[in-house]
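Working notes, beginning with the structure itself.
Proteins get letters first, then strands, A, B, ... in listed order; numbering begins at 1 in each.
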Amino acid sequence: MEHQERKKKEYQDKVKKKMPKSNTFMECVRAFLVGGLICCFGHFISDLGRLWLRLDIEDSALFTSIVLVFLAALLTGIGVYDKIGKFAGAGSIVPITGFSNSIVSPAMEFKREGYVQGVGVKLFTIAGPVLVYGISTSIVVGIITFLFFR
Amino acid sequence: MQVISKKKGRQSVVFTEPPMVFSSASIVGDVEAKGPLGSRFDLILDDDTWGEKSWEKAESKMFERSVRLAAEKSKIDLNEIDCLLGGDLLNQIISASYAARTLKIPYFGLYGACSTMTESLLISGMLIDGGFREMAACTASSHFSTAERQYRFPLELGNQIPPTSQRTVTGAGCVIIGNANKCKDGFLFKSIRITAGTIGRIVDLGITDASNMGAAMAPAAADTISAHLQDMNRTVDDYDLIVTGDLGKFGSEMLFDLCKEKNVDISGKHADCGCLIYTADQDVNCGGSGCGCSAVTLASYYLERIENANYDRILFLATGALMSPSSSLQGESIPGIAHAVVMERSCCI
């Protein structure tokens, strides 16, 4: 039994040592560049909203989100966003465009299983954890703020 | 009555009346068609739904069509096929069962993950040599898009895949085998026999990473190879080639290591269908995987190579990773399996 466990451990160590690894440094560089580009573009839209549409700060932030979410959904629909994601990794997952992609891609995929059991159930398979823990965290932070910093 | 035992050693069987390979057919997707074996496949899908409403339907259609095509190529009537054995990667092996619904051939559905092709060849061989069936169709299929959505993520999700991952082959391969006295003139193959086989054991060395299936399956392949050689009292030199199903580049590397530990050196005689089906520039990381990978490579390439006397005897073992999305999420390690069949060149009587 002990011999078996040792053999397993040895094999796992060898696999870990020998397996091809991704180039984390280059991935970070690509993520930084693409993520930064998306954010700059977002800022450009926000400025556009304020100067051109004369929106106030809050409304222009909302306007920016709507535009970015729409564009990412469109790029997902025409099969471009997954290619950007493959190149940029976290750079295109972390911004709000990644959230849009994570909602639209299951929606496209599970239409065949129907609008209720398919799209309805699967829509948040990727984004679900973000919502669950994002909202949970905001509740906790909200309570702390309410109790101590009001 | 004296019963001749066909059992050999702990895991192997030797056929006394070795079944013959009669025909084969392969259908693949467009990415596979761009690979090195592209020109050898019988049918290539123009798009991955193949005119159907869903990918699952397309996969089932590939499965069904590959059986019909294999029969057609050797002018075998579907009624002559006594049994259909096969499977795929989807839950409840729907591709195979839905295809069998229209084919109306007595059917055994098998699940051996990517090892399904050799599993079906081995069981069919036993059915035929045992005299229970005279002709059987062995089929396996997989589809990139159906496998992705079941095991991984939606296709359009913008994520990165690790360098150890492999691409599921879109393809279905069918091999028709039968009793030698059924062999006729018009058949595609007339000189390939399945002479022996080895039933694999589950081997699990604790790999939990579902995107590193090559490493998870390599120990099973090494175990089956060494068990086979021991049972049959043979060495690697008795074979022209040892072909594994879908270990991929990294899995093959681990297989060499594991075999070396068992004092078996296969490095000069090994080929892997997963490494063969795509070219390096096709962006598939460690190569191809899926039931279809070994099935289409065998059906389109290796059988022809044996028939044309490029090889006299090969050991063909497809490898399977028997995990499920739930077991992966629960942190379970991946059980690997590999079944082997020996294919030999020997002419029709």
Could you pull out all donor-acceptor pairs under 3.5 Å where a side-chain atom in residues 114-133 of chain A meets a protein atom, sequence neighbours excluded?
unit_1    : atom_1 : unit_2    : atom_2 : d
Thr125(A) : OG1    : Lys122(A) : O      : 2.9

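Closest approach of Asp204(B) and Lys8(A) over heavy atoms only: O-CE, 3.1 Å. In this structure, Pro163(B) and Pro20(A) approach most closely via the heavy-atom pair CG-O, 3.5 Å.
Options Arg112(A), Lys7(A), Lys83(A) differ in how many heavy-atom pairs under 4.5 Å they form with chain B, and the most are formed by Arg112(A). Heavy-atom pairs under 4.5 Å with chain B peak, among Lys14(A), Met108(A), Lys21(A), at Lys14(A).
Judged by distance alone, the side chain of Glu156(B) and the main-chain N or O of Tyr81(A) form no donor-acceptor pair under 3.5 Å.
Against chain A, the residues from residues 216-223 of chain B that qualify, each with a non-hydrogen atom under 4.5 angstrom away, are Ala218(B), Pro219(B) in number order.
Using a 4.5 Å cut-off between heavy atoms, Phe110(A) contacts chain B through both its backbone and its side chain. For chain A, the nearby part of Asn212(B) is the side chain; its heavy atoms alone come within less than 4.5 Å.
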Steps toward side chain to side chain contact (heavy atoms under 4.5 Å, CB included) verdict (Gln12(A), Leu205(B)): CA-CA 7 Å; Gln12(A) 287 161 24; Leu205(B) 291 188; 5.5 Å; no
Pair Leu155(B)-Ser105(A), side chain to side chain contact (heavy atoms under 4.5 Å, CB included): steps then yes or no: CA-CA 7 Å; Leu155(B) 288 186; Ser105(A) 56; over 6 Å; no
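A distance of 10.5 Å separates NZ in Lys16(A) from CG in Asp209(B), rounded to the nearest 0.5 Å.
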